[in-house]
Amino acid sequence: MTEAEWAAATEPGVMLAFLRDRTTYRKLRMFAVASYYLDPNLLDEANRYRVEVAARYADGLATESELQANWSFGSRGRWTLPELPFHWALMVSGCFVGNEESCDRVEDAALSHILRDIIGNPFRSVVFDPSWHTDTARSLAEAAYEDRAWDRLPILADALEDAGCEDEAVLNHLRGPGPHCRGCWVVDLVLGKS
């Protein structure tokens with residue numbers, strides 16, 4: 001895959017295959033979690049709790065026992081223990097895209113956009129200058145992450161710019177239309193997550 005192909009890709013399975021050894025387990029888990037939020041019909045109370053446990057596990061805030069207690073095969077085979085994040089991410093994208101009851105609601109393009117929000121551009125690395133890690137930037141990033149308040153990301157861009165950030169990829173991403181999700185590559189950089 002080339003950089004241009006990554007930017008234009010609309011097949012999450014192909015993108016995930018490219019990322020297989022190029023990203024972290026956390027990023028793959030965050031993609032799978034974010035995928036569920038694309039279709040609110042899949043997030044009844046019990047399923048929302050399962051997804052939140054998986055997100056907490058990805059961030060090191062839930063134990064493996066909690067994860068295992070909440071993720072097992074369900075009546076439709078939709079749920080699986082996310083012990084192998086790459087396979088879980090593939091399963092999730094395939095579940096939405098290939099499942100006739102939800103494929104009309106969640107499109108490949110939406111999943112691909114979420115994957116780019118989480119991964120960024122795997123062909124270019126951004127070196128985050130320590131001077132950009134101000135208390136203001138960190139508190140804005142934490143609030144956006146915890147509250148899923150993605151409308152605050154342009155304010156985070158302003159704070160980073162005030163701290164000396166001139167990286168167009170960082171600033172444009174934060175000021176872009178989104179959608180954004182937990183695991184957003186810029187918010188993760190500010191919070192020191194990988």
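Excluded from the calculations below are hydrogen atoms, water molecules and symmetry mates; all remaining heavy atoms, backbone and side chain alike, are included.
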Value for OG1 (Thr24) from CD1 (Ile119), rounded to nearest 0.5 Å, stands at 7.0 Å
Here the pair of heavy atoms bringing Leu115 nearest to Pro12 is CD2-O, 4.2 Å
Closest non-hydrogen contact found for Ala34 with Ile114 is CB-CG2, 3.6 Å
Practice task
Apply the test side-chain contact (heavy atoms from CB on, under 4.5 Å) to residues Phe128 and Asp167: give CA-CA distance (whole Å), side-chain angles for both, the deciding distance (0.1 Å), then the verdict.
Solution key: CA-CA 9 Å; Phe128 224 67; Asp167 189 297; over 6 Å; no
Contacts of His173 meeting ring pair (Phe, Tyr, Trp, His ring centres under 6.0 Å) (sequence neighbours excluded), chain-then-number -> His180, Trp185
A side-chain contact here means heavy atoms from C-beta on lying under 4.5 Å apart; do Asp117 and Pro179 qualify?
no
Does a side-chain heavy-atom distance below 4.5 Å link Cys181 with Ile118?
-> yes
Shortest non-hydrogen pair, Leu171 vs Cys165, comes out as CD1-O, 3.7 Å
All heavy atoms of Lys27 vs all of Thr23, minimum pair found to be CB-OG1, 3.3 Å
Tell me whether Asp59 is salt-bridged to Arg182, with the criterion being a basic N under 4.0 Å from an acidic carboxylate O.
no
Separation between CH2 (Trp132) and CG (Asp162), nearest 0.5 Å, reads 13.5 Å
Is there a side-chain contact (heavy atoms from CB on, under 4.5 Å) between Arg175 and Leu153 once you walk through the steps? CA-CA 7 Å; Arg175 291 178 175 137; Leu153 294 185; over 6 Å; no
*If we only count heavy atoms from C-beta on, is the Leu111 to Phe31 side-chain gap below 4.5 Å?*
yes
Please walk me through it: do Leu16 and Leu28 pass side-chain contact (heavy atoms from CB on, under 4.5 Å)? CA-CA 9 Å; Leu16 286 165; Leu28 292 170; 3.8 Å; yes
**Q.** Asp188 vs Arg26, side-chain contact (heavy atoms from CB on, under 4.5 Å): CA-CA, chis, key distance, verdict
**A.** CA-CA 11 Å; Asp188 275 2; Arg26 180 183 169 276; 2.6 Å; yes
(Q) I'd like to know if Glu52 and Arg48 make a salt bridge, using a cut-off of under 4.0 Å between side-chain N and carboxylate O. (A) no
So CG of Asp135 and CZ of Arg138: to nearest 0.5 Å the spacing works out to 9.5 Å
For Trp6, the ring pair (Phe, Tyr, Trp, His ring centres under 6.0 Å) test, sequence neighbours excluded, returns none
May I ask you to test the Arg152-Asp147 pair for a side-chain heavy-atom distance under 4.5 Å?
yes
One should read off an interatomic distance between Leu140 CG and Asp158 CG, to the nearest 0.5 angstrom, of 9.5 Å
query = Between Tyr49 and Tyr57, is there a shared hydrophobic cluster once you connect ILVMFWY residues whose side-chain heavy atoms come closer than 4.5 Å?
reply = yes
Notebook entry, point to check: Within a strict 4.5 Å, meaning less than it, do heavy atoms of the Leu160 and Val190 side chains meet?
Noted result: yes
Heavy-atom nearest pair, Ala58 first then Met30, reads CB-SD, 3.6 Å
Using a 6.0 Å cut-off, check whether atom CD of Glu142 has over 12 heavy atoms from anything other than its own residue.
yes
Minimal heavy-atom distance between Pro154 and Asp151, with the atoms involved, is CD-O, 3.3 Å
Problem - Same apolar cluster (I L V M F W Y, side chains within < 4.5 Å links), Leu61/Leu191 - result: no
Using side-chain heavy atoms (C-beta onward) and a distance below 4.5 Å, is Phe18 in contact with Glu5?
no
